[in-house]
Engineer: 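Just passing along the structure, written as structure tokens.
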Amino acid sequence: MSDYIKDKKIEDINIGIIGFGYIASCVYSLIREQRDYLAKKIKKNINIARIAEKDLKKIDSSSLAGLKDIKISSSASDVLQDESIDIVVELVGGIDPAYDYVHEALSSGKYVVTANKDLLANKGGDLFAAAEKNNVDLLFEASVGGGIPIIGPLKSSLASNNINEIIGIVNGTTNYILTRMEKDNLSFDEALKKAQELGYAEKSNPSSDIEGYDSACKLAILSSIAFNSRVTLKDVYKEGITGVSSDDIRNALDMGYRIKLLAIGIEENSEISVRVHPALIPADHILASIEDTFNAVYVYGNYVGEMMSYGRGAGDRPTASSVVGDIVKIARNFDRNKKGIIYGCSCFENKKFKSIDDTVSKFYILMDVVDKPGVLARIAEVFGKNSVSIESMVQKQRDKKKSAGLIFITHEVVNKNLSKSIKDISELDVVNEVLSVIRVEDLS
Ligand code: HSE
């Protein structure tokens with residue numbers, strides 16, 4: 001223990017960690033390494049008092065040296081029922097049983113810090129109600145963007161702004177895959193394999209990242225705060241990146257675009273549109289420069305204007321940095337006898353959602369067609385009948401004999417009209433296959 005801590009006899013804030021995996025062990029190391037530094041900064045001593053981990057084999061007790069008297073058990077109840085615990089750090093992940101742990105902690109007047117995006121995106125409303133009822137708070141900076149501060153800034157520094165647009169690249173795995181497809185000329189499967197080898201994508205089931213689920217959870221969390229209205233996972237439209245081909249990446253580059261998996265939240269006339277999908281974005285837009293596993297969140301607020309947060313969106317050290325940041329926020333103002341809400345829930349409105357069918361976007365469409373006179377006219381006729389206006393068209397010869405690749409960029413079009421035209425075009429006998437349909441976001 002440092003002289004500072006001994007001399008000042010500063011107050012202990014007791015932490016109980018539930019779930020001791022990869023992130024939690026880094027939270028533990030961070031607190032151990034930075035304990036004296038933090039004590040000097042915040043005039044409180046962050047003390048890990050208890051750890052609960054169902055699988056005790058995950059805990060190597062010898063590596064827990066350096067903090068005093070940590071009680072370790074396999075039961076979360078030991079943390080939840082310990083009256084001396086001030087802050088419960090939930091790092092179990094998933095909804096069940098994490099929901100019960102967090103709800104019980106809040107209901108018994110403990111603060112909670114979590115990195116759990118599934119929990120917040122699905123059950124955030126109930127948990128904030130429990131926090132408010134008990135005059136404590138639930139902080140979750142690490143649930144979006146790993147080490148990037150974005151939840152705190154949205155809830156405090158940017159609180160005075162009306163935010164009508166939030167656009168994130170919030171999944172490092174997919175951003176890595178798309179970057180490698182572009183830079184190393186890899187197919188989707190090859191880039192996914194590389195991401196799995198490096199531990200970015202799960203080996204057995206990478207679908208949470210590549211199908212857009214992870215980004216959709218994060219968008220639900222961000223949009224709830226940005227638009228002051230609860231957005232849950234089920235409200236978010238999602239498409240992943242499994243359909244993005246090397247041809248799409250090359251075609252996009254040739255036209256001055258790069259393909260990114262975007263999480264887009266827009267509020268217009270009190271209606272919220274929330275969608276996760278790959279998109280062609282202008283190669284010179286700042287979001288196009290976000291590469292590999294990095295994340296960024298771009299926000300437009302009526303006073304701040306444009307702003308963007310950028311950094312490491314995953315990994316144990318960045319995530320632990322955010323978890324401990326939340327602990328510090330609570331600890332700075334901590335008064336055991338007079339608890340209080342730090343940010344609280346900001347969802348005071350109940351806005352409607354715009355259906356994806358009614359959303360307006362530009363589209364990139366790649367199709368393989370028979371190369372003979374009159375084909376283009378027949379395709380153009382279908383687009384015209386469905387009120388889809390074409391901005392540009394390029395023909396590229398494909399390998400197959402008598403087959404041509406047609407690339408269309410549409411003007412802004414209502415999504416349901418585009419879907420109908422793609423269905424009709426797919427049925428034309430001169431169209432071999434509609435290979436890709438990807439939105440284009442000019443982000444201007
Ligand atoms: N799997 C996520 C990503 C990190 O690839 O960004 C955790 O949310």
Side-chain angles (χ1 to χ4, degrees), residues 1-21 23-53 59-73 76-92 101-102 104-106 108-115 131 134-142 147 149 151-152 156 316-343:
M1 192 181 284
S2 73
D3 287 348
Y4 181 84
I5 294 174
K6 259 191 292 186
D7 291 352
K8 306 273 177 161
K9 293 197 172 44
I10 61 173
E11 188 183 13
D12 273 359
I13 303 294
N14 292 322
I15 311 293
I17 300 178
I18 305 181
F20 203 74
I23 304 295
S25 56
C26 191
V27 167
Y28 170 82
S29 312
L30 193 169
I31 290 176
R32 188 182 60 189
E33 279 169 33
Q34 303 292 81
R35 189 164 170 252
D36 290 353
Y37 174 73
L38 283 170
K40 287 178 194 162
K41 264 192 171 171
I42 66 173
K43 318 284 186 282
K44 301 268 170 59
N45 179 33
I46 295 176
N47 176 46
I48 299 183
R50 279 192 179 271
I51 295 173
E53 166 52 55
I59 304 182
D60 171 7
S61 308
S62 62
S63 70
L64 296 186
L67 292 181
K68 58 177 188 185
D69 306 329
I70 301 178
K71 298 188 180 99
I72 298 170
S73 89
S77 303
D78 291 336
V79 170
L80 296 166
Q81 285 166 16
D82 182 339
E83 288 189 0
S84 74
I85 299 291
D86 303 306
I87 306 175
V88 170
V89 178
E90 182 277 305
L91 294 169
V92 177
Y101 297 160
V102 171
E104 185 177 338
L106 295 167
S108 60
K110 298 185 194 309
Y111 288 85
V112 174
V113 172
T114 181
N134 293 283
N135 206 28
V136 285
D137 217 334
L138 165 63
L139 301 193
F140 49 97
E141 186 63 70
I151 306 295
S156 57
D316 57 347
R317 291 173 71 92
T319 307
S321 161
S322 286
V323 169
V324 178
D326 279 348
I327 294 173
V328 165
K329 268 179 217 147
I330 296 167
R332 271 188 199 280
N333 302 302
F334 190 76
D335 180 343
R336 193 161 282 116
N337 302 312
K338 193 171 165 287
K339 300 219 170 126
I341 290 169
I342 296 162
Y343 294 137

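Note: hydrogens, waters and symmetry copies are ignored here, and every other heavy atom, side chains too, is used.
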Engineer: Rounded to the nearest 0.5 Å, what separation is found between the CG atom of Leu106 and the CG atom of Asn134?
Structural biologist: 7.0 Å
Engineer: Out of curiosity, Asn47 CG to Ile31 CD1, how far, rounded to the nearest 0.5 Å?
Structural biologist: 9.5 Å
Engineer: I'd like to check the side-chain contact (heavy atoms from CB on, under 4.5 Å) partners of Gln81; sequence neighbours left out, ordered by chain and number.
Structural biologist: Ser77, Glu104
Engineer: With heavy-atom distances below 4.5 Å as the criterion, would you say the side chains of Ile85 and Arg50 are in contact?
Structural biologist: yes
Engineer: My understanding is that only residues two or more places apart in sequence, or in another chain, count here; which of them pass side-chain contact (heavy atoms from CB on, under 4.5 Å) with Ser84?
Structural biologist: Asn14, Asp82
Engineer: Kindly give the heavy-atom pair with the smallest separation between Ala131 and Leu138, and that separation in Å.
Structural biologist: CB-N, 4.4 Å
Engineer: Taking only residues two or more places apart in sequence, or in another chain, which ones meet Asp316 in a salt bridge (charged side-chain N to carboxylate O under 4.0 Å, His left out)?
Structural biologist: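 Partners of Asp316 by the salt bridge (charged side-chain N to carboxylate O under 4.0 Å, His left out) criterion come out as none, since no residue qualifies.
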Engineer: I'd like to know whether Val324 forms a side chain to side chain contact (heavy atoms under 4.5 Å, CB included) with Leu38, so could you lay out the CA-CA distance, the side-chain angles of the two residues, the decisive distance to 0.1 Å, and finally the verdict.
Structural biologist: CA-CA 10 Å; Val324 178; Leu38 283 170; 4.0 Å; yes
Engineer: Answer whether the closest heavy-atom distance between the side chains of Ile18 and Leu80 falls below 4.5 Å.
Structural biologist: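 Yes, at least one pair of side-chain atoms sits under 4.5 Å.
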Engineer: With rounding to the nearest 0.5 angstrom, report the CZ to CG distance, Phe334 to Asp12.
Structural biologist: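 Going from CZ on Phe334 over to CG on Asp12, the span is 11.0 Å.
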Engineer: So how far is it from Leu91 CG to Ile51 CD1, rounded to the nearest 0.5 Å?
Structural biologist: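 Reported to 0.5 Å precision, the distance equals 10.5 Å.
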Engineer: Holding to salt bridge (charged side-chain N to carboxylate O under 4.0 Å, His left out), I want the full list of residues that pass it with Arg336, two or more places apart in sequence or in another chain.
Structural biologist: Glu11, Asp86
Engineer: Under a 3.5 Å distance rule, please check whether Asp137 uses its side chain to pair with a backbone N or O of Ile342 as donor and acceptor.
Structural biologist: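 Yes; judged by distance alone, with no hydrogens or angles, the pair exists.
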Engineer: Which of these passes side-chain contact (heavy atoms from CB on, under 4.5 Å) with Ile46: Ile87, Ile330, Leu30, Val328?
Structural biologist: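 The side-chain contact (heavy atoms from CB on, under 4.5 Å) with Ile46 is passed solely by Val328 among Ile87, Ile330, Leu30, Val328.
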Engineer: For the CG atom of Asp326 and the OH atom of Tyr343, what is their distance to the nearest 0.5 Å?
Structural biologist: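 One finds 7.5 Å between CG of Asp326 and OH of Tyr343.
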Engineer: Kindly write out the residues that satisfy side-chain contact (heavy atoms from CB on, under 4.5 Å) with Ala142, not counting sequence neighbours, or none if the list is empty.
Structural biologist: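 Ala142 satisfies side-chain contact (heavy atoms from CB on, under 4.5 Å) with Ala115, Thr319, Ser322, Val323 only.
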Engineer: Any chance you could lay out the side chain to side chain contact (heavy atoms under 4.5 Å, CB included) test for Tyr101 and Val88, step after step, and finish with the verdict?
Structural biologist: CA-CA 9 Å; Tyr101 297 160; Val88 170; over 6 Å; no
Engineer: Excluding sequence neighbours, so at least two apart, what forms ring-ring contact (aromatic ring centres under 6.0 Å, His included) with Phe20?
Structural biologist: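 Result, ring-ring contact (aromatic ring centres under 6.0 Å, His included) vs Phe20: none returned.
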Engineer: If you round to the nearest 0.5 Å, how far is CD1 of Ile42 from OH of Tyr37?
Structural biologist: 11.5 Å
Engineer: If you look at every heavy atom in Glu141 and Lys329, which pair is closest and at what distance?
Structural biologist: OE1-NZ, 4.1 Å
Engineer: Between Leu139 and Val112, is any pair of side-chain heavy atoms under 4.5 Å apart?
Structural biologist: no
Engineer: Search all heavy atoms of Val79 against all heavy atoms of Gly16 and return the closest pair with its distance.
Structural biologist: CG1-CA, 3.8 Å
Engineer: Is the side chain of Lys339 donor-acceptor paired with the backbone N or O of Gly109 at a distance under 3.5 Å, no angle test?
Structural biologist: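 Here the side-chain-to-backbone pair exists.
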Engineer: For the backbone of Ile13 and the side chain of Lys44, can you confirm whether one donor and one acceptor N or O come within less than 3.5 Å of each other?
Structural biologist: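 Side chain of Lys44 to backbone of Ile13: no pair is present.
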Engineer: Taking all non-hydrogen atoms of both residues, which atom of Thr114 and which atom of Glu90 are closest, and how far apart?
Structural biologist: OG1-OE1, 2.6 Å
